[in-house]
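What follows is a set of notes on a single structure, which appears directly below.
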Protein chains: 2
Amino acid sequence: MTSSSKLLVPRLEPHEAGLSRYAAIAASLRARVAAGEWPPGSALPSEQVLASEQGVAVATLRRALELLAAQGVLERVHGRGTFVRASLGGAPMLRFFRFGDGNGEIPASRVLQRREATPPEEVARELGLPHGARALHLLRLRCLGGRPRLLEDIWLPLPLFQALAETPTAGWDALFYPMYAQRCGVHVQRATDSIAFDTLTPAQAAHLQLPARHPCARVQRLAFDLTGRCVEVRTTYGDAHAFHYTIQIT
Amino acid sequence: MTSSSKLLVPRLEPHEAGLSRYAAIAASLRARVAAGEWPPGSALPSEQVLASEQGVAVATLRRALELLAAQGVLERVHGRGTFVRASLGGAPMLRFFRFGDGNGEIPASRVLQRREATPPEEVARELGLPHGARALHLLRLRCLGGRPRLLEDIWLPLPLFQALAETPTAGWDALFYPMYAQRCGVHVQRATDSIAFDTLTPAQAAHLQLPARHPCARVQRLAFDLTGRCVEVRTTYGDAHAFHYTIQIT
DNA sequence: AAGTGGTCTAGACCACTCT
DNA sequence: GAGTGGTCTAGACCACTTG
């Protein structure tokens, strides 16, 4: 009756699944990114376009984009646009170690071994492989200042990484993640590093030119792509005395 | 002349120091928190009040509060208010270790030694103490399932922690940070943990009931209060084989 | 019921990047 | 200059907590 009762902000259906509008939009955009609608490195449509497409105000659409940026899915650049984050860059294992020589240097890489094999139970589980499935197994040595410093034991699921089973390892890049993207279409978006202390087996010690049973830091990395699938299990070994890592606590 | 040229959004002076309005307000609020205007645990005025006090829109003031919340200075609770974060809770050192027994258990605490002494050069520098200044030195053993598991070496600057130099250690709490707040008015707001690998000295090994030169994880924690002052240097030793820690990478 | 923070709108203006 | 994201406003409404 009264003209002052005008509804200024039209309410849509409330929260279909307990999600706020911007969280629902973020989830939807995330799914479209994972489905490959916008490939890694490419730009999304502008805020204006996405907002009208979703039928919300620009500010609401922005919250969704900011959420995904905070989660590492997107990258926003002032004046240029919003982009799907490309592969994790180096994710440098050297942040865990401090060797006296060659600080800041890019570690040289040498693949010692490449073979197809059935991975251990635990690795197969992480990779989501059926029992007895085959995978690519790599052994890689990384040197700094001409000295062997890190030994890496890498498992890759095999239908996906077939390209790496065929090309000669001598021509491979020093950084694997960009190579995975380029040669196999696999984009590492997120990873977890689990640190433990151990001792080197005689074989490992020989590669690193350290005495057998020398104490080592063991870092197991699980790498995931945009869909949440684990695409690499990598275990890195290095001299325990060179290990150091600092964590911020708030 | 034309009525349509009305300036809807009055612009204030631009960015006095390259800071956006909300970032400047956040810095100002942070300083007021550090100065003790709102003690840890207490509530700030409401968004409405702060916004009119600062002469900005509520949304702008909100961005400042959200920034400080993300930085761990404030804590926002829907329906209740915005609060200055009290001391870091446990900041549980046990997240670094996995012992077979007593998981989830609260570790028993026993102070082995308390003395006033001149701290080592490095500790004095971290604490910002003048050369030769005295400090409180504690040695503390933490047990799980009746077995000694962690040895802690703690340095506290002395004018500040005088209260702890006088009361009997038997009555101390198992968690130190809340005790610092209660007895000394020191609120730990932030900390850094630096992990390294080492071997136990004979004395350390004896306390932990391990063989001398046993491999250990050494975690050095620097604790800071709201003003950014370092208020505690704590080094924790535990069996290297029980160490584990997982880091998320994005 | 009153007060708090959380979501959302519609729009203006600013700062940056590319061409 | 056109297009992008970044800041800010003024206000309505929603959801949660407490008396």
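Below, chains carry the letters A, B, ... as their sequence lines are ordered, and counting in each starts from 1.
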Tabulate atom names and distances for all N/O pairs under 3.5 angstrom spanning the protein and nucleotides 2-6 of chain D.
residue: D:dG3; atom: N2; partner: A:G79; partner atom: O; Å: 2.9
residue: D:dG5; atom: OP1; partner: A:T82; partner atom: OG1; Å: 3.2
residue: D:dG5; atom: OP2; partner: A:E47; partner atom: N; Å: 3.0
residue: D:dG5; atom: N2; partner: A:H78; partner atom: NE2; Å: 3.0
residue: D:dG5; atom: N3; partner: A:H78; partner atom: NE2; Å: 3.3
residue: D:dG6; atom: OP2; partner: A:R62; partner atom: NH1; Å: 3.4
residue: D:dG6; atom: OP2; partner: A:R62; partner atom: NH2; Å: 3.3
residue: D:dG6; atom: OP2; partner: A:R76; partner atom: NH1; Å: 2.8

Q) Considering residues at least two apart in sequence or located in another chain, which fulfil the ring pair (Phe, Tyr, Trp, His ring centres under 6.0 Å) criterion with B:Y245? A) B:F96
Q: Applying side-chain hydrogen bond (donor to acceptor under 3.5 Å, both in side chains), name anything that partners B:S46, two or more places apart in sequence or on another chain.
A: none
Q. How far does CD1 of A:I195 sit from CD1 of B:I195, to the nearest 0.5 angstrom?
A. 5.0 Å
Q | Partners passing salt bridge (Lys or Arg N to Asp or Glu O under 4.0 Å) against A:R63 (at least two apart in sequence or in another chain) | A | none
(Q) Does anything in residues 25-42 of chain A come within less than 4.0 Å of DNA chain D? Heavy atoms only, and list the residues if so. (A) none
Q) Can you check the B:Q54 CD to D:dA10 P distance for me, whole Å? A) 15 Å
**Q.** Partner residues of A:F224 under the ring pair (Phe, Tyr, Trp, His ring centres under 6.0 Å) criterion, sequence neighbours left out
**A.** none
**Q.** Residues B:E47, B:R76: salt bridge by 4.0 Å N-O rule
**A.** yes
(Q) Are the side chains of A:P157 and A:R229 in contact, using a 4.5 Å heavy-atom criterion? (A) no
Q: Specify the separation, in whole Å, of atom CG of A:L19 and atom P of D:dA15.
A: 13 Å
(Q) As an exercise, state the distance from CZ of A:R190 to SG of A:C230, rounded to the nearest 0.5 Å. (A) 9.0 Å
